[in-house]
Amino acid sequence: MCPSPQGKPLPSCPIPPTPLRLSFGPSGPLILSLPMSQVRVRFAPSPTGFFHIGSARTALFNWLYARHTGGKFILRIEDTDKERNSEAFLQVILDSMHWLGMDWDEGPSVGGEYGPYFQSQRTELYQAKLKELAAKGRAYEKDGAWWLRLEGARSTVFDDHLKKEIEKVDAAPMVLHDMVRGQVARAEDRDFVLFRSNGEPVFHFVNVVDDIEMKITHVIRGEDHLSNTSKHLEIFKAFGVEPPKYAHIPLILKTDGPGKMSKRDKGALIEEYQQRRYLPAAVRNYLCLLGWTPADGKEVLPIDEIIRQFEISAVHQSNARFDERKMSHINAQTLRLLPAADFATLARPILIETKTIDASVSETRLAEVLGIVQEKVISLEHLPEFMGFFFTADFKKDEGAMANLKKKGGDPVARIRELLPTLEAAEWTEPALEAAFAAVGTANERKPTDYFAPARFAISGQGGGAHLLGVLRVLGRDTTLARLKAFAA
RNA sequence: GCCCCCUUCGUCUAGCCCGGUCCAGGACACCUCGUUUUCACUGAGGUAACUGGGGUUCGAAUCCCCAAGGGGGCGCCA
């Protein structure tokens, strides 16, 4: 069955069925896919800048589609513009893709039977393909460059936008059956350049040639390419080759202000989230939600589940604004769902790097602290300040919290003095400590909670944090009492 | 200027294809109250949207037309 898109024309079923997966017991799974339906998608970045969040999302949708259908995900580097490319820029892309957990089946460092996967190494192919078009009369030389010859009646007109005389061609519209937009028709009206006069091929040409040569079946790319697609379809037509299926996905817009996210916008670069200790799974999860909604309506979900549910037909048609607060929320949720051992593995190096702990802190001790902290902390970035007081007496004191204490509870020092004797006599378990607070409250005709905030501030310098009784238990009797005494002194 | 795409709470969206179940549901943010205590956890509640105008229809967020707004493209950049 065709997955049914909402409110979109569906000219023909553009989505190949998911390959049949049949298990045959211990001899191993056997995947039967229909011969014609092996999906081949590609992400084709140009290493001319940084790894932009929009590029990451495009890569992700391609990757998800490949994984969902059991197809191949190909990474192809479009480095035809020598002026603007560099090794370092390429590395940024590869690193960010690895960080986000996207692996490729063919491409740099893994190879593949349709390589090389760098366009700068495929120039002979492009020359040969150009000759092919020239031989067919569909490409011609002018001003030292090679142009695609459109088919249709020609006329010379003055173009207001370009402010010059141009030759227009009355070519038939190219009709695209886009998987997310339905039928889109657009006519090219001018011949366009295939090869520059400096001998280098242009994007439109190499993109199509490589998609043909690499047997790409589906092109999933940003909507900013939608208008270019008529050029690409003209080139496919000139070669006499059936074009792949296209899916033009919506763009990611700036959080506020006009236009799409650009390299210079805050939060536009994947490496920023890496530096800020975001969980890659959370960033990836959020990116999936920009332009697509899982059928079950859940927002925080594991990648296996996203792969299972991902459908191109469910991709949105309208652009979405980037909202870091929502991503931050997903990050916090994801952090909370992490198994304790994984949380510790992530936390330890950060805590060592920030000198919150040193290497001598045992796994057991760290696990104890992290155990009460994980459910409350909202990001790994904030972890050091959140739990630093467990490992040093020289912790930072939050002045705002102190001011708030005085405003709400009166005299915090007096409260600690009232609390101290009972606490010293108490057994150091959570129920016993809770009982101690209750007893002090009753004795002084106060609510037990009047003592919580002063106690927390005295031992941590903070106004909030992990569950207080847990903090007392983990911090230990001696340290806790010493800090309370110091505070009351 | 020409061409293409889009239009539901401040934001991300569900619903739209197959009109009534929607005085439009969820999430983020915000506000209120609660909670073993400021902010970040958690619980309960709240504010908040079908861009506008015409049709079609007993009935339209849902179908049609127009307009407006937003986005993108129009390079010997990718």
Side-chain angles (χ1 to χ4, degrees), chain A residues 4-10 44-46 48-49 78-81 83-85 142-147 159-163 176 178 180-181 184-190 192-198 200-204 206-207 222-230 248 250-251 253 255-256 258-260 286 289-293 297-300 316-330 332 336 375-379 382 386 398 400-405 407-409 430 434 437 447-457 462-470:
Chain A
S4 143
Q6 314 79 25
K8 314 174 192 175
L10 192 66
S46 188
T48 56
E78 304 216 337
D79 54 352
T80 51
D81 185 0
E83 305 287 305
R84 292 167 55 183
N85 289 297
K142 189 182 85 178
D143 304 331
W146 283 85
W147 302 67
D159 186 284
D160 289 336
H161 184 65
L162 298 164
K163 307 252 189 290
L176 166 69
D178 194 275
V180 342
R181 275 150 221 287
V184 179
R186 185 173 188 275
E188 283 299 315
D189 61 358
R190 297 175 63 202
F192 54 90
V193 170
L194 266 15
F195 258 73
R196 298 191 269 260
S197 51
N198 67 2
E200 287 173 21
V202 304
F203 160 74
H204 303 298
V206 295
N207 193 265
E223 200 221 65
D224 48 347
H225 285 294
L226 189 58
S227 297
N228 288 151
T229 307
S230 45
H248 286 92
L251 267 21
L253 269 25
T255 303
D256 33 45
K260 59 174 177 171
Y286 175 69
L289 262 26
L290 240 31
W292 175 74
T293 309
K298 288 206 176 70
E299 293 193 320
V300 180
H316 308 156
Q317 296 175 303
S318 51
N319 297 162
R321 261 179 214 285
F322 178 76
D323 182 3
E324 197 188 323
R325 289 176 306 189
K326 181 122 185 182
M327 183 162 80
S328 185
H329 172 256
I330 289 173
R336 209 145 288 133
E375 62 174 10
K376 277 282 216 169
V377 74
I378 57 161
S379 73
H382 293 132
F386 195 83
D398 180 346
M402 185 54 166
N404 196 274
L405 270 182
K407 200 173 73 185
K408 287 186 102 177
E430 288 188 37
E434 186 173 11
F437 275 94
K447 289 187 296 180
T449 53
D450 286 347
Y451 293 89
F452 279 106
R456 181 189 292 286
F457 185 83
Q462 296 175 10
H467 190 292
L468 183 66
L469 298 173

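Bear in mind that the values here come from a model prediction, so they are computed numbers and not experimental data. The sequence lines fix the lettering, A, B, ..., with proteins before strands; numbering per chain opens at 1.
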For [X], answer base if it contacts any base atom (sugar-phosphate contacts may also be present), sugar-phosphate if it contacts only those atoms, and nothing otherwise; contact means non-hydrogen atoms under 4.0 Å.
X: A:Ala332; result: nothing
X: A:Phe192; result: nothing
X: A:Asp143; result: base
X: A:His329; result: sugar-phosphate
X: A:Asp398; result: base
X: A:Gly470; result: nothing
X: A:Ala320; result: sugar-phosphate
X: A:Gly144; result: nothing

**Item:** 5'-most by nearest nucleotide on RNA chain B - A:Gly297 or A:Gly463
**Value:** A:Gly297
**Prompt:** Hey, which of these two, A:Leu468 or A:Pro45, hits RNA chain B nearer its 5' end, going by closest nucleotide?
**Reply:** A:Leu468
Got a donor-acceptor pair under 3.5 Å from the side chain of [X] to the base of [N]?
X: A:Ser318; N: B:C6; answer: no
X: A:Lys326; N: B:A29; answer: no
X: A:Asp224; N: B:A78; answer: no

**Message:** Can you tell me the base-pairing partner of B:U56? Count Watson-Crick or G-U wobble geometry only, both distances below 3.5 Å, and say none if there is no partner.
**Reply:** none
**Request:** Calculate the interatomic distance between A:Glu299 atom CD and B:U11 atom P; express it in whole Å.
**Result:** 16 Å
**Item:** Plane angle bin for A:Phe452 and A:Phe437 - parallel if under 30°, tilted between 30 and 60°, otherwise perpendicular
**Value:** parallel
